[in-house]
Amino acid sequence: MPSWRDIKKFCQNDGWEMYKQTDHYFYRKLMPDGILKRTKISMGSGELSGHLWEEILKRQLQVTREYFNSKI
């Protein structure tokens with residue numbers, strides 16, 4: 001399973017914009033079709049659980065596991 005750091009690295013390498021930093025990092029990416037993707041990343045360094053990782057991948061990042069791995 002990836003760590004929170006891996007997700008942050010993915011966002012940086014995939015052209016996401018960090019628009020806010022509080023106790024979490026907030027990233028967004030405007031897609032060519034006008035859809036705005038958003039994700040919130042913990043400042044922790046631990047690994048994500050399987051269920052949480054699947055939800056972030058599917059609902060927030062909206063990419064395949066293979067694409068994610070190619071960007072980290």
Side-chain angles (χ1 to χ4, degrees):
M1 292 294 120
S3 67
W4 289 111
R5 286 183 189 151
D6 291 335
I7 297 176
K8 186 173 187 275
K9 188 175 178 182
F10 167 82
C11 288
Q12 292 168 338
N13 293 340
D14 193 46
W16 292 60
E17 169 197 12
M18 183 172 63
Y19 67 96
K20 184 165 80 170
Q21 180 179 340
T22 58
D23 57 334
H24 289 78
Y25 300 106
F26 293 82
Y27 280 86
R28 63 185 170 200
K29 184 176 183 181
L30 183 60
M31 303 305 292
D33 61 2
I35 292 175
L36 181 63
K37 296 184 193 181
R38 288 184 235 167
T39 191
K40 178 173 91 170
I41 304 168
S42 171
M43 291 187 172
S45 60
E47 284 190 353
L48 284 76
S49 67
H51 177 71
L52 179 58
W53 166 233
E54 292 299 325
E55 288 296 310
I56 290 171
L57 192 63
K58 179 180 176 183
R59 295 180 187 251
Q60 295 178 17
L61 304 179
Q62 300 173 15
V63 297
T64 64
R65 192 172 285 152
E66 293 77 20
Y67 183 81
F68 177 87
N69 289 335
S70 75
K71 295 292 184 174
I72 60 169

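Keep in mind that the numbers below use all heavy atoms, side chains included, and drop hydrogens, waters and symmetry copies.
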Problem set entry | W4-L57 co-clustered via ILVMFWY side chain contacts under 4.5 Å | yes
Exercise. Is it true that a side-chain atom of Q62 and a backbone atom of R59 form a donor plus acceptor pair closer than 3.5 Å?
Worked result: yes
Exercise. OH of Y27 to CD of E17: how many Å apart, nearest 0.5 Å?
Worked result: 10.0 Å
For this session: Over all heavy atoms of both residues, which pair between R38 and R28 is shortest? Give the atoms and the distance, please.
Result: CG-CB, 4.0 Å
For this session: Run the numbers on K58 and T64 for side-chain contact (heavy atoms from CB on, under 4.5 Å), then give the verdict.
Result: CA-CA 8 Å; K58 179 180 176 183; T64 64; over 6 Å; no
For this session: Answer yes if L52 and I41 sit in the same cluster of Ile, Leu, Val, Met, Phe, Trp and Tyr residues linked by side chain heavy atoms under 4.5 Å apart, and no otherwise.
Result: yes
Exercise. Got a sec, which residues hit ring-ring contact (aromatic ring centres under 6.0 Å, His included) with W53, two or more places apart in sequence or on another chain?
Worked result: F68
Problem set entry | Candidate pair M31 and K37, rule side-chain contact (heavy atoms from CB on, under 4.5 Å), full reasoning | CA-CA 8 Å; M31 303 305 292; K37 296 184 193 181; 3.6 Å; yes
Exercise. Y25 and L30: same hydrophobic cluster, using ILVMFWY side-chain contacts below 4.5 Å?
Worked result: no
Exercise. What are the two closest non-hydrogen atoms of L48 and I7, and how far apart are they?
Worked result: CD2-CD1, 3.7 Å
Problem set entry | Nearest heavy atoms of Q60 and K40, plus distance in Å | OE1-N, 3.7 Å
Indicate every side-chain donor-acceptor pair of residues 8-15 with a distance under 3.5 Å to a residue at least two apart or in another chain.
{"unit_1": "K9", "atom_1": "NZ", "unit_2": "I72", "atom_2": "O", "d": "3.3"}
{"unit_1": "N13", "atom_1": "ND2", "unit_2": "K9", "atom_2": "O", "d": "3.4"}
{"unit_1": "N13", "atom_1": "ND2", "unit_2": "K71", "atom_2": "O", "d": "2.7"}
{"unit_1": "D14", "atom_1": "OD1", "unit_2": "Y67", "atom_2": "OH", "d": "2.4"}
{"unit_1": "D14", "atom_1": "OD2", "unit_2": "W16", "atom_2": "NE1", "d": "3.1"}
{"unit_1": "D14", "atom_1": "OD2", "unit_2": "K29", "atom_2": "NZ", "d": "3.0"}

For this session: Write down the atom of S3, the atom of S45, and the distance for their closest heavy-atom approach.
Result: CB-O, 3.6 Å
